[in-house]
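Reviewing the structure listed below.
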Amino acid sequence: MMLGVAGQGLNDARYRLIADKIKAAIDAGGLRPGARLPSVRKLAAQFSVSLTTALKALRTLENEHYAEARPKSGFFVASVLSKFREHAKIIAPLDEQTELHLSLVGADCRVRLDLANGASSLYPLDKLALLLRKAGQSKPSALGSAVKGSGYEPLKTEIVRRAVSYGCHLEPAHLLITNGCIEALSLALRATLLPGDAVAVESPCYFVLLQMLRSLGLRVIEVPTGASGHVDVDKLVLLFSRKAVKAYVTLANVNNPLGKSIPSAAKATIAQRADEQGIVIIEDDIFGDTAFGGQRPFPMLAFSPNTILCGGFSKTLAPGLRIGWVYSRQYSRQLMMLKYTSSMGTSVPPQMAIAEMLSNGGYDAHLRRLRATLASQIRLMRETVLRCFPSGTRVSDPEGGYVLWVEMPKEALNVRALFIKAREWGIGIAPGHIFATDERYDHCFRLNAGYGWNELEREAIEILAKWCTDSLIGKGGE
Ligand SMILES: Cc1ncc(COP(=O)(O)O)c(C=O)c1O
């Protein structure tokens, strides 16, 4: 290995230069995990630095988990590094069973516990229907001409105005209206990444996002949830410092399926570390407006201007209108080009209706009602799950949104079988295994509380609980 420091500068920066050289060699694969690193003496001679500086370089590598010291032997490339690399997985093609299960989530059923949205009564549909009619009448040309540009300007103005209240100062020129938040995410991934690039996601991960990453040929590292119920920040920033990923795709606010938001201080840390390492943050903030507390949580963009922020109205106004948006100062040109070649534009009348709803249609009053209803439905469903399911069952405690994440004792549940049995009874649930690239959530499932809380839902929860209890007893539990 040829190591040299060009134009040696300030004394105290030398150790950093040496450490970075060695890191680059490790990242490029020139130094394998477990390989011996040059001794302090050798490094000092090679770089014409003092023994103290050489030692500091090695200690820096150790602190950043690139190297490990072995007593009386010296420094070696950290052996866990390879594990991290292996973690960046190509998402395997779907097996037939998983493909079937994914196609059944959202298919017609009697009790709608599978999706992450609500009954029609949750949304101001009459008002929107009226506004849509008005849009068509006032601007018939919107129906008769081709759709061009980055979106309906009055809607962009409203999105920009609202963003100020959650700490984001958007420039309309960099805002693009999309066909739902899903299109926004897809454009953001394609604008910033190439097939084979590695992406960090929160685990469990929204299943459509996982499938999107797979279809784009991206590799994925699923970062586990920490004790506080949101992503393990230490593990995440470690991946950043090792340059193990190019991007972090986050549901930092009201995560799906866990319903937790990353606290502001942790967001600030993540944003700073991502910026230092040149990691792109792509944020799906579709549930941000559904947060139950008094204060709408700030998106990552409020902490790092480099974040690509994706939002939309499918969870707050009307899932059927398919209006979302993406904002990036840095990548807006690429996003707009990709939009042009993937769906050309976004239908104008729904944008007109939403713009009107946001400017003087009582969106805030509607949001207050929506959040209160969801919070109450979630609470009632959660209490029933805790009461009816076998001991050892854990249930998430969401800070917003529609869903609960249920974790059974591992031995109690084969969620794939439960999912099929439930569907035969007309009960839709979202099975845990579609939220990961492996079997780690085969004892979990997600429940939707958005369809209200009445006899039908209560009965469905009790039936699910009975099956799970029977299965646990059958395996010698309870
Ligand atoms: C996290 C997340 N992002 C995006 C979407 C979909 O957004 P849209 O319907 O606006 O495309 C969903 C829908 O469930 C979701 O859960």
Side-chain angles (χ1 to χ4, degrees), residues 23 27 63-66 80 84-85 87-88 163 166-170 181 184-185 188-189 191-193 197-206 209-210 213 218-288 291 293 295-311 326-331 396 398-401 435:
K23 265 165 104 167
D27 281 333
N63 290 339
E64 293 174 5
H65 308 275
Y66 268 79
V80 288
F84 263 90
R85 284 166 186 245
H87 265 108
Y166 50 80
C168 297
H169 299 277
L170 313 182
C181 184
L185 274 175
L189 291 167
T192 51
L193 299 163
D197 284 344
V199 174
V201 295
E202 289 130 11
S203 182
C205 176
Y206 170 47
L209 173 58
L210 272 185
L213 297 174
L218 295 165
R219 290 178 304 131
V220 67
I221 297 185
E222 297 158 279
V223 186
T225 301
S228 42
H230 56 75
V231 69
D232 185 324
V233 177
D234 290 341
K235 290 214 166 76
L236 182 67
V237 299
L238 193 58
L239 292 176
F240 295 174
S241 67
R242 286 178 174 163
K243 295 253 179 20
V245 290
K246 279 223 170 135
Y248 166 43
V249 185
T250 177
L251 278 72
N253 292 332
V254 190
N255 170 291
N256 175 4
L258 297 178
K260 288 284 179 205
S261 300
I262 303 175
S264 288
K267 279 180 186 148
T269 305
I270 295 170
Q272 188 196 343
R273 301 296 290 276
D275 284 349
E276 281 165 12
Q277 304 291 339
I279 311 285
V280 180
I281 298 178
I282 298 173
E283 178 170 19
D284 176 346
D285 194 41
I286 187 128
F287 288 106
Q295 172 74 47
R296 198 255 197 231
F298 283 18
M300 292 291 301
L301 179 65
F303 302 90
S304 163
N306 300 323
T307 301
I308 304 181
L309 182 62
C310 305
V326 56
Y327 178 83
S328 166
R329 283 204 74 199
Q330 214 175 335
Y331 294 100
S396 59
E399 292 166 23
F435 293 83

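Residues F303 and S264 form a side-chain contact, since some pair of their non-hydrogen atoms from C-beta on lies under 4.5 Å apart. Two residues are said to be in side-chain contact when any heavy atoms from C-beta on lie closer than 4.5 Å; L170 and L301 meet this criterion. Residues V245 and V199 are not in side-chain contact: their nearest non-hydrogen atoms beyond the backbone lie 4.5 Å or more apart. Residues V231 and I262 have side chains in contact (heavy-atom distance under 4.5 Å, counting atoms from C-beta outward). In this structure, the side chains of P297 and Y166 stay at 4.5 Å or more apart for every pair of heavy atoms.
A distance of 9.0 Å separates OG of S241 from CD1 of I279, quoted to the nearest 0.5 Å. Atoms CD1 and NE2, on I270 and H230 in that order, are 8.0 Å from each other to the nearest 0.5 Å. Note that CD1 of I308 is 5.0 Å distant from CD1 of I282, once rounded to the nearest 0.5 Å. Between the CD atom of Q277 and the NZ atom of K246 there is a distance of 14.0 Å, given to the nearest 0.5 Å. Remark: E399 CD to N253 CG distance equals 9.5 Å, nearest 0.5 Å. Expressed to the nearest 0.5 Å, how far NZ of K235 lies from OG1 of T225 amounts to 10.0 Å.
Within the cation-pi definition used here (under 6.0 Å to the ring centroid, within 45° of the axis), R273 does not qualify as a partner of F240.
Using modelled atom types, no side-chain atom of S203 and backbone atom of C205 make a donor-acceptor pair closer than 3.5 Å. Counting only distance, with no hydrogens or angles, the side chain of T250 and the backbone of A252 share a donor-acceptor pair below 3.5 Å. Checking side-chain atoms of T269 against main-chain N and O of A265 turns up a donor-acceptor pair under 3.5 Å. A donor-acceptor pair under 3.5 Å is formed between the side chain of S261 and the backbone N or O of V254. Listed for the S328 side chain is a donor-acceptor partner under 3.5 Å among the backbone atoms of Q330.
A donor-acceptor pair shorter than 3.5 Å cannot be found between the side chains of E283 and Y248.
A pairwise comparison of heavy atoms in L251 and N256 identifies CD2-N, 3.4 Å as the closest pair. Listed here is the closest heavy atom pair of L236 and A200: CD1-CB, 4.0 Å. Smallest separation of non-hydrogen atoms from M300 and A271: CE-N, 3.9 Å. Contact detail for G229 and L258: the closest heavy-atom pair is O-CD1, 3.9 Å. Between A266 and V233 the shortest heavy-atom distance is CB-CG2, 3.9 Å.
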Self-check item: side chain to side chain contact (heavy atoms under 4.5 Å, CB included) between R329 and Y327, worked out
Solution: CA-CA 7 Å; R329 283 204 74 199; Y327 178 83; 3.3 Å; yes

Quiz item: Can V223 and V201 be said to form a side chain to side chain contact (heavy atoms under 4.5 Å, CB included), step by step?
Solution: CA-CA 6 Å; V223 186; V201 295; over 6 Å; no

Quiz prompt | Verdict with supporting geometry, V249 and L209, side chain to side chain contact (heavy atoms under 4.5 Å, CB included) | solution = CA-CA 9 Å; V249 185; L209 173 58; 3.7 Å; yes

Practice problem: Take I286 and C310, measure what side chain to side chain contact (heavy atoms under 4.5 Å, CB included) needs, and give me the verdict at the end. | Solution: CA-CA 7 Å; I286 187 128; C310 305; over 6 Å; no

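Not counting sequence neighbours, the partners of P257 by the side-chain contact (heavy atoms from CB on, under 4.5 Å) test are P204, N255, W405, F435, R446.
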